[in-house]
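Notes follow the structure.
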Amino acid sequence: MTENTSKSAVEIHNKIKEGSLTSVGVVQEVFQAISNTDSKLEAFTEVYKESALEAAKKIDQQIAAGEDPGPLAGVPFSIKANICSQEGETDAASQILKGFNSPYPATVVNKLIEAGGVLIGKTNMDEFGMGSSTENSSKSTTKNPWDTGCVPGGSSGGAASAASAYGYIHLGSDTGGSIRQPSSYCGVTGLKPTYGRVSRFGLLAFASSLDQIGPISRTAEECALALSIISGKDPRDSTSAEVPHENYLENLTTEIEGSTLGIPKEYFEEGIEPEVRQRIEETIDQYRALGVGIEEVSLPHTSYANPTYVLISAAEASSNLSRYDGIHYGHRSDQSVDLEQLYSNSRGEGFGPEVKRRILVGTFVLSSGYYDAFYRKAMKVRRLIRKDFEDVFKKVDAVICPTSPVPAFPLGSRLDDPLKLYLVDILTVSANLAGIPGISFPCGFTSAGLPVGTQLLGRPFEESRLLSLVHAFQSQSDHHLRRPPVLEGS
Amino acid sequence: MAQKSKTQSIASHPKWEAVLGLEVHVQLQTQTKIFCRCPNSYGQSPNALTCPTCLGLPGALPVLNEKVVELAAIAGLALGSKVAEFTKFDRKNYFYPDLPKGYQISQFDQPICEGGEVQIQVDGKEKTIRLVRMHLEEDAGKNIHIEGKPQSRVDLNRAGVPLLEIVSEPDLRSPLEAATYMRKLRTTMLYLGVSDCNMEEGSLRCDCNISIRPRGSTELGTRTELKNINSFSFVQSACEYEISRQIQMREAGREIIQETRLYDSVKNETRSMRGKEEAHDYRYFPEPDLTPVTISKEDLNTYKKGLPELPDQAFERLTSDLDLPQYDAEVLTQDPEVLRYFDSCREEIDEPKKISNWIINDVFQRMNEMKVGIGSLGLPPERLVGIIRSVEEKKVSVANGREVLKKMFGNDQPIEKIIEEMGVGMISDDGLIESALAEAMEEHPHVVEDIKNGKDAAKNFLMGQVMKRTRGKANPGQVMKLIQERIL
């Protein structure tokens with residue numbers, strides 16, 4: 001393990017700013033770490049060495065000239081392969097966008113670069129965000145740094161794996177748990193912000209009403225730094241919220257005494273592996289010890305969350321993915337004699353099986369005659385789920401539960417059974433349906449040495465509270481400081 | 001012409017009645033497109049007016065241009081629709097190369113306007129055509145097929161241009177009514193300034209839903225839909241063709257198939273595009289990338305107060321207040337630019353009928369020759385008033401005045417100078433007129449006799465002879481006075 005990649009992005013930024021480290025040095029070091037280890041992990045789909053070093057050099061020059069290059073000056077960051085950048089390809093790990101160069105960058109990328117961040121590459125994912133293991137990728141199969149025989153989780157598996165192995169800031173996207181579940185599997189901290197807190201402009205849409213970009217890092221502190229920069233109203237995203245800007249890093253506190261956490265009884269009922277349950281209970285005890293009130297609460301519509309999520313996300317995806325038609329950009333089949341065939345061949349060749357499955361489900365549930373029974377009903381249940389949370393948040397400040405019922409599972413073990421794979425999302429999808437923020441953070445390990453993640457869900461736009469709750473925990477624990485075994489051989 | 005006679009028989013067909021409903025698409029006149037900031041303009045090179053949003057690139061999002069909501073609300077208020085306080089957008093999903101996202105952002109179950117009506121006049125009879133709704137949507141691009149090559153290209157300049165779709169009830173009963181209704185909508189939209197309604201550029205197009213039923217029946221027959229008709233005469237001829245096709249089918253004992261048909265204006269026929277069995281299921285659902293729109297009562301009141309005079313009100317003013325004949329009023333109110341021109345002239349001279357005559361006869365002739373609007377003739381209203389005054393003040397005769405006007409387009413020389421250069425100034429000099437009259441009397445002694453015998457028509461002949469000798473410049477009043485003095 002190299003020296004600086006074990007440090008927090010906040011610390012590195014301060015050192016670069018005061019001149020005791022150079023951004024060029026930091027960036028070179030992270031590329032060295034990637035080249036040592038990434039052949040084992042395959043977390044990155046692309047690295048941008050040349051442009052990153054050039055950007056780092058500029059930052060160093062600015063600092064030498066006494067200028068302030070911004071709150072992220074010199075710090076490396078990566079983006080998930082479904083976030084647009086003018087650097088490299090933006091293909092959402094899909095064959096259908098193979099070779100696609102976006103002519104514009106996502107708002108979040110602009111913001112991080114303007115803040116002095118250095119884009120080092122793109123990370124692997126399940127195609128278009130559809131999956132929970134990063135095995136549905138046209139690029140490669142990313143591995144879990146804690147056990148390279150296991151999945152890193154998904155769909156932001158590349159980002160979580162990279163955060164665990166190399167540190168710094170990695171942007172993921174979360175439609176039903178795609179930031180939190182891989183963060184849990186890889187032993188890192190991942191935040192899904194409130195719907196509308198972060199601009200989606202330049203994020204390749206999976207399900208527009210559920211998607212949200214967020215940071216994956218080792219610590220809550222680093223997530224706070226990243227969120228301060230990427231959050232805010234964007235005139236190019238109508239669904240981004242008009243709420244005042246917050247400096248999450250400055251607002252971070254360890255004084256959480258007097259807060260109350262709710263334990264939703266429905267989240268502990270069945271299917272939670274004993275070791276996972278044990279780690280969560282220990283975490284709850286630690287919060288108690290920190291002076292946090294603990295109370296049992298009920299989210300009565302929890303059992304409907306997963307089917308509701310499957311219907312709504314598939315419906316929106318079936319429409320969002322219509323633009324990949326082989327006409328304007330991306331993969332076009334050369335086997336077609338007419339327009340009809342051009343569409344079906346291009347899409348048939350370009351999309352992977354999981355994406356096709358969801359397009360079929362989504363097309364079906366929106367069809368006339370089925371709309372009321374499926375989509376409309378799902379929208380009604382969605383309102384009930386949101387109401388469940390509103391009621392609970394009248395009593396408690398946040399709820400606490402496992403991020404996933406199981407730790408990272410072996411590669412290939414759930415691939416042939418999509419329904420079994422959907423089950424690992426059951427504890428995360430509610431936050432997307434309700435539009436509320438959620439965070440996953442490492443709270444211990446299984447006897448096999450796999451990380452376990454605890455999830456906190458909070459009130460809309462109370463990311464500060466969630467980050468402080470995690471920050472307080474992390475200042476009293478060292479799970480987030482442990483480094484994965486994959487680095488030892490490097 | 002054969003079609004024409006068929007139509008006349010359709011309106012009064014003894015057995016069959018036609019039932020028509022129109023979906024009119026009006027491109028709204030905004031600076032920028034409906035969901036991005038690309039210019040909303042026509043005639044640029046292909047794909048020059050595009051950005052990630054209207055190209056449907058991965059990750060791009062729509063942002064509503066608020067101006068379209070205002071324009072649609074104004075159109076709704078003017079046509080008596082109920083303008084929604086809360087409205088939203090939906091996605092209409094289908095694949096076509098000119099539709100880059102694979103869906104069109106439109107409005108499904110909560111359109112911006114519901115109800116409303118349009119008054120039309122056909123064969124001197126007033127008729128009310130009710131509206132179902134008006135909704136906002138984005139226009140698609142254009143597929144361009146390369147002649148002689150198995151290739152098509154797509155121009156997305158039009159993709160994202162704001163459209164207002166106005167859907168009528170099936171209240172129309174003849175092709176003429178359909179064309180009249182569409183004309184009336186066009187005039188109204190022009191008055192409101194919500195669209196330039198340039199039909200050659202596709203700013204106004206319509207789909208016609210057509211069915212027939214036995215006269216006296218109240219049930220609707222199976223309908224066919226004619227897509228994308230972009231001229232008034234095509235609306236009429238396409239409906240005529242389709243109605244007679246349906247009558248022939250029914251009379252031959254065949255069923256009408258519900259289908260979409262395309263009108264071929266060259267062959268003047270309609271052809272099947274796709275049948276019901278291939279009918280699209282558009283899988284409408286609420287557009288998650290846009291937030292719902294609320295229209296406040298205050299805004300609605302502001303729009304209401306700002307509504308301009310509408311065609312029917314202008315017609316009423318011209319016929320009742322200004323005593324113009326119905327024909328004049330109708331012609332002058334067709335185009336708000338013409339009406340404004342007419343009103344500007346009236347501010348200078350209170351002679352509505354004279355102004356109307358000059359505009360309808362002389363100015364329109366020039367507009368037709370030049371194929372331009374009244375504002376592009378190079379004849380400001382005060383110049384038209386100038387020539388009217390010159391005629392009134394007997395500086396030039398009416399006939400010569402009209403010749404002078406022809407020289408005035410795009411010419412800002414003083415009118416007196418033009419008259420002088422043309423040598424057509426009116427002669428009021430008694431001596432000149434008298435010598436011309438003396439010549440004429442000498443040449444036509446029998447006419448002089450006729451006048452003496454009380455034949456008034458003979459006076460006009462003599463007047464004509466004087467005019468001929470003075471090249472039309474003699475003051476007619478003075479000529480008449482001299483004829484009286486010299487003969488009677």
Side-chain angles (χ1 to χ4, degrees), chain A residues 82-84 90-92 97 100 102-107 196 199-205 207-211 234-240 312 315-316 318-330 337 339-340 342-344 347 362-371 375-376 379, chain B residues 34-37 47 50-66 88-105 108-109 141 143 145 150-156 159 274 278-293:
Chain A
N82 61 352
I83 297 174
C84 291
T90 303
D91 65 4
L97 278 174
F100 177 74
S102 176
Y104 74 96
T107 298
S199 167
R200 294 184 294 117
F201 189 78
L203 169 68
L204 273 57
S208 311
S209 75
L210 303 164
D211 294 343
D234 180 1
R236 289 179 300 183
D237 175 4
S238 317
T239 64
S240 65
I312 292 174
E316 292 183 13
S318 71
S319 174
N320 282 332
L321 270 54
S322 295
R323 66 185 64 196
Y324 309 112
D325 59 3
I327 302 285
H328 301 272
Y329 48 79
V337 298
L339 185 62
E340 193 79 28
L342 178 65
Y343 286 138
S344 56
R347 288 167 67 81
T363 304
F364 177 76
V365 302
L366 288 176
S367 298
S368 77
Y370 299 98
Y371 183 90
Y375 187 77
R376 195 184 296 279
M379 292 301 270
Chain B
I34 183 166
F35 297 123
C36 61
R37 302 294 84 94
N47 299 308
T50 56
C51 72
T53 295
C54 56
L55 289 174
L57 290 189
L61 295 171
V63 174
L64 178 65
N65 175 355
E66 311 255 339
K88 68 171 174 74
F89 289 92
D90 301 277
R91 288 189 187 174
K92 180 179 180 179
N93 295 284
Y94 65 95
F95 287 101
Y96 206 59
D98 65 9
L99 191 71
K101 298 190 296 299
Y103 57 84
Q104 178 191 31
I105 305 178
F108 183 54
D109 56 349
N143 294 342
H145 305 288
Q151 258 185 33
S152 294
R153 298 200 175 148
V154 185
D155 176 8
L156 294 175
R274 51 172 185 256
E278 302 164 57
H280 282 304
D281 179 353
Y282 290 118
R283 293 176 283 119
Y284 281 101
F285 76 105
E287 165 58 283
D289 287 331
L290 290 167
T291 49
V293 179

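Naming: A, B, ... by sequence-line order, numbering from 1 per chain.
Proximity to chain B is absent for every atom of Y370(A), based on heavy atoms less than 4.5 angstrom apart. Heavy-atom distances place the side chain of L339(A), and not its backbone, under 4.5 Å from chain B. Interface remark: I83(A) contributes no atoms to any contact with chain B (heavy atom separation under 4.5 Å). Looking at L203(A), only its backbone comes within 4.5 Å of chain B, counting heavy atoms on both sides. Contact of Y94(B) with chain A is not made at all, since no heavy-atom distance falls under 4.5 Å. In this structure, chain A has heavy atoms under 4.5 Å from both the backbone and the side chain of V63(B).
Aromatic ring orientation, Y343(A) versus F95(B): tilted (interplanar angle from 30° to 60°).
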Discussion item. As a quick check of understanding, evaluate side chain to side chain contact (heavy atoms under 4.5 Å, CB included) for H328(A) and L55(B), giving each step before the final call.
Written reply: CA-CA 8 Å; H328(A) 301 272; L55(B) 289 174; over 6 Å; no
Worksheet item: Checking side chain to side chain contact (heavy atoms under 4.5 Å, CB included) for the pair Y371(A)/R283(B): CA distance, chi angles, key distance, verdict?
Response: CA-CA 8 Å; Y371(A) 183 90; R283(B) 293 176 283 119; over 6 Å; no
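Annotation for S368(A) and D281(B): closest pair N-OD2, 2.8 Å, computed over non-hydrogen atoms.
Under the salt bridge (charged side-chain N to carboxylate O under 4.0 Å, His left out) criterion, R91(B) pairs with E287(B), D289(B), not counting sequence neighbours.
Checked by atom type and distance alone, the side chain of Y104(A) pairs as donor or acceptor with a backbone atom of A60(B) at under 3.5 Å.
The candidate from L57(B), L290(B), L99(B) with the greatest count of non-hydrogen atom pairs under 4.5 Å with chain A is L57(B).
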